[in-house]
Amino acid sequence: MNRKKLNNIKIGDFNPLNNSENKNSNHFNTDEGIKIKNRYTSKDISDSHHLDSIAGIPPFVRGPYSSMYTNKPWTIRQYAGFSTAEQSNKFYKENLKAGQKGLSVAFDLATHRGYDSDNPRVIGDIGKAGVAIDTVEDMKTLFKGIPLDKITVSMTMNGAVLPIMAFYIVTAQEQGIDISKLSGTIQNDILKEYMVRNTFIYPPKQSIQIISDIFKYTSEKMPKFNSISISGYHMQEAGASADLELAYTLANGIEYIKTGLDAGLKVDEFANRFSFFWGIGMNHFMEISKMRAARYLWTELMKQFNAENSKSYCLRAHCQTSGWSLTEQEPFNNITRTTIEALSAVFGGTQSLHTNSLDEAIGLPTKFSSKIARDTQLIIQEELEICKTIDPWGGSFYIERLTQELIKKAMVHIKEINDAGGMTKAIEKGIPKMRIEQAATRKQAKIDNKEFIIVGVNKFVLEEEEEINYLEIDNEEVRNDQIKKLKSIKEHRNEFKVKKLLKEISQAAKEKNKNLLALAVKAAKSRATLGEISTALEKTFGRYQSKIKSFSGVYKSKMKDNKSYKHAVKLSNKFAKLDGRRPRILIAKIGQDGHDRGAKVIATSFADIGFDVDIGPLFQTPDEIAKQAVENDVHVIGISSLAGAHKTLVPNLISELKKFKNENIMIIVGGVIPKKDYEFLYNKGVSGIFGPGSNIGESAISILDLLLKKIN
């Protein structure tokens, strides 16, 4: 398909929200609204415009490099980081020794949000979902004994990207390494944070300024380093279908190209260092086709910038198997799921891959489960002879048709974004966030209706399951250790110099006259902390607060004949009649965990069941949630927790409610809660716990039964 045809696709030709099931037994509709036939022939690809693609040559459908894995297999990565830098360093070294080729660093939520470990807002988040990094000394410990000029490092960081990049650069310099030799990737993809993951700090416009300065710095001083990894992964985890993930990720990429050009760079000075990051789910053939379609579309979209270097048209990708598809129920089945998803990524032509561990729907992965995940890739590389040919699915009638369909579907969404004035404007209007949340709600309805089967969750369910071990972090111990290190560093540094450098950062953010990354590097060398550098920027930029929007009717439209749903509605009406008002629930995220897919799905579905639903702002502290619950006179507080802070923050919330002398409000908890923590939470006063895979209708019935007992 040439560019002219791509740009002339009409919205009316393809309805991205039309996902109704086709009654024809020879077809079914995917989440993307693509009709799937039971057989395909050459006639199905007669109008395809990408079939002549050759690997290594635009539009790169068959792969970004001419030899692909026949010359060099994909890089095996393990996304990891937990507790302290010392513990993570030990884990990294063990993985590298066992065959891992690159490091992918997970930072804790306090670090993501620009807070030092001694900040009272992050008391439950230190070291829980990643490694705590407060200063350059933590970064030096993280990579102790790991030569940064020989190992590629990928860092998933967006909000606090300036101090983290500065710490990494100073660490390399203090290892005696010329930073021009550093290779790896910083995610630096802030736009998707406003759509799904929510680990932002500053408003969009100011965050784009930071990205611009990173582009300038790395293009001049770090030519081997990828200055951005544009992520669709978190969109998929939040509920986006493949066409949405594809479209919004590429639209973000175009926005970043414009950012670099606005900064005065030439397109070939930075575009060839872009990389992309895809989530890989369980629709095997769709995921293969998505990656092929992505490369085609990126080439077409880049033509408008008239790049001269062919590498600027080439989409290179890292992939990670889905976390959402992992189940708490029968977790060893997750090995099979991850293997299938890993094969999708490889068949799709990924350049690097992280395979999730079997226990990540329960808690942090253990060494045992991490080894299985890593060995999955080694087995695929070494035993399947999968690296002997290029794009083995190329020419398949089915794959080529899916690739073409995804190109068309994605362009519908890209046109909608363009019509809104580009991705930044579309985000301000709430378009991508709304589309993704609607897709997530439709998916949950399919699961609850058993239209989408998850083995062990809504079909072939075991009556009794064995518990498995998982890695648990002593949050208080990590926090105390980090606070001691912070105190020591502040006692031994030149305080006057640090304050001067921080003031310079605030001024430069305002006047836009100096490179912010260069200034952050100076501050890091003087041992300014992550929180101090972030605060210096916040003084000028402010801290962004997301707008809460909700919708209703999507879940209800899919559940008209569902018995659990109808029974829940009946109980909701009964409660309203007895109590004189609708059951009222406050859906709240507690701590710095911004993953709100579950919270948003619960909010819209409970509203359809008949609850009055309040949605709390993100990143609330226990006292803030308690105050809102009392002021709004709710019957129930529903806490959504995915980052392991429940054992600290939920008891704190219960204590705060006691201060208001209002202990009648019922507290329920949902999300990633290990079963062995249930008794602890129940003893603290929690009334109900709903783990991954819980049916929404049945969960609502349980809650309403408890409420009815209270008033009877």
Side-chain angles (χ1 to χ4, degrees), residues 1 28 30-32 34-74 232 236 241-243 245-246 276 278-300 314-322 325 336-353 355 376-377 379-410:
M1 180 178 282
F28 76 91
T30 69
D31 293 336
E32 296 75 20
I34 296 173
K35 291 181 181 179
I36 302 297
K37 302 194 301 181
N38 58 15
R39 65 175 65 88
Y40 285 82
T41 68
S42 59
K43 292 180 181 178
D44 292 297
I45 60 172
S46 60
D47 63 340
S48 297
H49 299 269
H50 65 275
L51 297 178
D52 295 332
S53 177
I54 298 171
I57 298 175
F60 303 104
V61 175
R62 304 198 67 169
Y65 303 117
S66 59
S67 58
M68 288 301 289
Y69 307 142
T70 62
N71 182 47
K72 181 184 176 184
W74 66 94
Q236 186 186 94
S241 50
D243 56 324
E245 180 191 0
L246 187 56
F276 289 78
W278 303 112
I280 304 295
M282 283 295 288
N283 192 335
H284 181 64
F285 299 106
M286 190 69 72
E287 296 295 358
I288 297 169
S289 302
K290 178 183 75 182
M291 295 175 67
R292 302 170 89 252
R295 290 191 290 268
Y296 179 89
L297 281 167
W298 184 246
T299 297
E300 293 297 316
C314 179
L315 185 152
R316 295 164 300 112
H318 169 70
C319 291
Q320 181 174 338
T321 60
S322 173
S325 69
T336 305
R337 293 185 176 101
T338 295
T339 303
I340 292 166
E341 291 167 352
L343 284 169
S344 300
V346 172
F347 285 139
T350 190
Q351 278 57 73
S352 63
L353 175 62
T355 34
T376 298
Q377 292 196 56
I379 290 167
I380 292 172
Q381 276 190 5
E382 301 293 339
E383 298 185 25
L384 269 62
E385 299 201 358
I386 209 165
C387 299
K388 302 299 183 184
T389 192
I390 298 163
D391 189 28
W393 281 104
S396 157
F397 301 143
Y398 184 35
I399 289 292
E400 300 296 5
R401 185 64 192 180
L402 281 181
T403 301
Q404 180 72 1
E405 288 290 328
L406 280 173
I407 289 168
K408 293 178 180 179
K409 292 282 183 183

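The figures here come from the full heavy-atom set of this structure, side chains too, leaving out hydrogens, waters and symmetry mates. On a predicted model such as this, the values are computed, not experimentally measured, just so you know.
With hydrogens and angles ignored, the 3.5 Å screen pairs a side-chain donor or acceptor of K290 with a backbone N or O of G279.
Put simply, the side chain of Q404 does not reach to within 4.5 Å of the side chain of I45, judged on heavy atoms. Side-chain contact between D391 and Y69 is absent, with no heavy atoms from C-beta onward closer than 4.5 Å. In this structure the side chain of V346 reaches within 4.5 angstrom of the side chain of W74, judged on heavy atoms. Side-chain contact between E32 and L406 is present, with heavy atoms from C-beta onward closer than 4.5 Å. Contact of the M286 side chain with the I34 side chain is registered, since non-hydrogen atoms from C-beta on lie closer than 4.5 Å. Between C319 and M291, some side-chain heavy-atom pair lies under the 4.5 Å cut-off. Counting heavy atoms from C-beta outward, L246 and I407 have side chains that stay 4.5 Å or more apart. Using a 4.5 Å cut-off on side-chain heavy atoms (C-beta onward), R62 and L51 make no contact.
Each of E341, Q236, R337 was compared with S325 under the side-chain hydrogen bond (donor to acceptor under 3.5 Å, both in side chains) criterion, and only E341 meets it. Of the candidates W393, F397, F347, Y40, F285 forms a ring pair (Phe, Tyr, Trp, His ring centres under 6.0 Å) with just one, namely W393.
Between the CG atom of D31 and the CG atom of D243 there is a distance of 9.0 Å, given to the nearest 0.5 Å. To the nearest 0.5 angstrom, K35 atom NZ is 11.5 Å from R401 atom CZ. Taken to the nearest 0.5 Å, the OG atom of S46 stands 12.5 Å off from the CD atom of E400. The CD1 atom of I288 sits 9.0 Å away from the CD1 atom of I280 when rounded to the nearest 0.5 Å. We find the OG-CH2 distance between S322 and W278 to be 15.0 Å, quoted to the nearest 0.5 Å. Taking SG of C314 as the start and CZ of R295 as the end, the distance is 8.0 Å to the nearest 0.5 Å.
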Next item on the list: Dump the intermediate steps for side-chain contact (heavy atoms from CB on, under 4.5 Å) on E382 and Q377, then the final yes or no.
Entry: CA-CA 8 Å; E382 301 293 339; Q377 292 196 56; over 6 Å; no
Note to self: Determine whether L343 and I386 satisfy the following criterion, side-chain contact (heavy atoms from CB on, under 4.5 Å), listing intermediate values before the conclusion.
What the structure shows: CA-CA 9 Å; L343 284 169; I386 209 165; 3.8 Å; yes
Next item on the list: Apply side-chain contact (heavy atoms from CB on, under 4.5 Å) to the pair Y65 and I390, showing each step before the final yes or no.
Entry: CA-CA 10 Å; Y65 303 117; I390 298 163; over 6 Å; no
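Checked against a 6.0 Å centroid threshold, the rings of W298 and F276 count as neighbours.
The 12-atom threshold is not exceeded at CG of D52, counting heavy atoms of other residues, nucleotides or ligands nearer than 6.0 Å.
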